[in-house]
Chemist: 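My structure is below; once you've seen it, I'll send some questions.
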Amino acid sequence: MKVEIRLPELGEDAEEKASVSRWLVNIGDIVNTGDDLIELTTDKAAFTVPCPQNGVVVELLVEEGDEVVAGDPLCILES
Amino acid sequence: MTENKTEQDVPSATPSKGALGEFPPWLRRPWGSGALFESTRNVVQGYRVHTVCQSARCPNQGDCWQRRTATFMILGNVCTRNCLFCSVRSGNPARNVDLEEPLRVAEAVRALSIRHAVITSVTRDDLHDGGAQQFLNTIRAIREINPHTTVEVLTPDFKGDVNAVRTVAEAYPEVFGHNIETVERLHAVLRRNGRLYEKSLSLLRFVSGFSDKIIVKSALMLGHGETRDEIVKTLQDLREVGCQVVAMGQYLRPTKSQRAVQRYITPDEFQELEQIAYSMGFLFVTAGPFVRSSYRAEEPISMLKEKRFGSVAR
Ligand code: SF4
């Protein structure tokens, strides 16, 4: 089954916009819950987004330099 | 307008980020995610409470919220001041006070099973008591339905109004925090008012004298261009007014509208500052890039109570 992994929402007033600094996984990688998927930067600091479930990375939907907001799909996992 | 003009006032030792990936390697945090994080978010939204975690865009939100803790911001989310380092919305709340907010905060504390609740607020210069009564009501509401929860307040300066400070102190929060924020010289720049430094010290002095049952706490954010000597002088001033707990963290610009970071303090430097502060007699010191006064605020509580009263009362 294919699952879209999205950037989680932080809630009202919180920082919800970021730019992609780099992927920490490649297509074909096996990933587990909690593994860092991607590094983002906001105006404030750098953030890593942990993987919400186990699976294999089949597609990356954003690339370095892209602006992302909470709720945006980041990649697709096959699980 | 993208950049704040005042950024040019001070030469920048380590330029803040312009393009990607310019943060030093130690400034990396987990983005909020996972079931526990979401359950905290649901409680915050469900009870319609504000948190400084969100309003200040705190980089620790992912960490704290997945431990099911948050710092509640009372008296709304619109601040009557406009400090250059802060992303909380500034405006005129027109003397509005939500009288049901204390209960909602208390219920959120219960829903999250928070054992040490930290309550802060926007600054409300539009209210005659600066919002002190709302602090008192919130502390009482929390205690009422969470009898085992300790309470820490982090208050504004109430314009130096002793009666307002007393109102809050009379609720006997276990910890009374008021942040000095920065060294004396930089108050004129960052807070647009150099006299606020003295005001903050007076507030802390008053609370120290009010009762030895209340632990007095303050915090500094570094990286605004202050010197080592100025930091040490500020710590000395805090000790002199009876402050016992201090937190020191890295200032991080919430958005491009706030003042740029002048310097990134290394983790080693933070460690040194921690030692210096301990040598000055603080009972508990936290220092590190992501330290905020509310970050892991529960950790020293039982130790502090033991140290001061010989037993853990609550
Ligand atoms: S450090 Fe304080 S403000 Fe930041 S997320 Fe944690 S509780 Fe919230």
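Since we're looking at a predicted model, the values are computed, not measured. Lettering follows sequence order; numbering is per chain, from 1.
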Chemist: Nearest heavy-atom pair of A:Phe47 and B:Pro59: which atoms, and what distance?
Modeler: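 For A:Phe47 versus B:Pro59, the nearest heavy atoms are CE2-O, 3.7 Å.
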
Chemist: For B:Gly32 versus A:Pro8, what's the shortest heavy-atom pair and its separation?
Modeler: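 Looks like O-CB, 3.2 Å.
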
Chemist: To the nearest 0.5 Å, how far apart are CZ in B:Arg29 and CG in A:Leu40?
Modeler: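 Rounded to the nearest 0.5 Å, the CZ-CG separation comes to 15.0 Å.
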
Chemist: Chain A: which of B:Asn77, B:Thr40, B:Val44 shares the most heavy-atom pairs with it under 4.5 Å?
Modeler: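 Option with the top pair count is B:Asn77.
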
Chemist: Which value, rounded to the nearest 0.5 Å, describes the distance between B:Leu27 atom CG and A:Thr41 atom OG1?
Modeler: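 It is 12.0 Å, given to the nearest 0.5 Å.
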
Chemist: Heavy-atom distances under 4.5 Å only: say whether B:Cys58 touches chain A with side chain, backbone, both or neither.
Modeler: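 The backbone, not the side chain.
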
Chemist: With chain B, which of A:Gly34, A:Ala46, A:Pro52 has the greatest number of heavy-atom pairs at distances under 4.5 Å?
Modeler: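 Highest number of pairs under 4.5 Å: A:Ala46.
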
Chemist: Counting only heavy atoms not in A:Ile30 (residues, nucleotides, ligands), do more than 12 fall under 6.0 Å from its CD1?
Modeler: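 Atom CD1 in A:Ile30 is not crowded, with 12 or fewer foreign heavy atoms closer than 6.0 Å.
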
Chemist: Rounded to the nearest 0.5 Å, what separates atom CG in A:Asp43 from atom OG in B:Ser257?
Modeler: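 These two atoms lie 8.0 Å from each other.
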
Chemist: Mind ranking B:Ala35, B:Gly62, B:Ser87, B:Ser33 by heavy-atom pairs under 4.5 Å with chain A and telling me who comes out on top?
Modeler: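 If we count pairs closer than 4.5 Å to chain A, B:Ser33 comes out on top.
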
Chemist: Rounded to the nearest 0.5 Å, what separation is found between the CZ atom of B:Arg57 and the NZ atom of A:Lys17?
Modeler: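 Rounded to the nearest 0.5 Å, the CZ-NZ separation comes to 7.5 Å.
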
Chemist: When you measure from the side chain of B:Arg41 to the backbone N and O of A:Glu9, does any donor-acceptor pair fall under 3.5 Å?
Modeler: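 Yes: the side chain of B:Arg41 pairs with the backbone of A:Glu9.
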
Chemist: For the side chain of B:Trp31 and the backbone of A:Leu7, is there at least one donor-acceptor N/O pair under 3.5 Å apart?
Modeler: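 No, B:Trp31 side chain to A:Leu7 backbone: no donor-acceptor pair under 3.5 Å.
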
Chemist: Contact part of B:Phe37 toward chain A, heavy-atom cut-off under 4.5 Å: side chain, backbone, both or neither?
Modeler: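 Only the side chain of B:Phe37 comes within 4.5 Å of chain A.
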
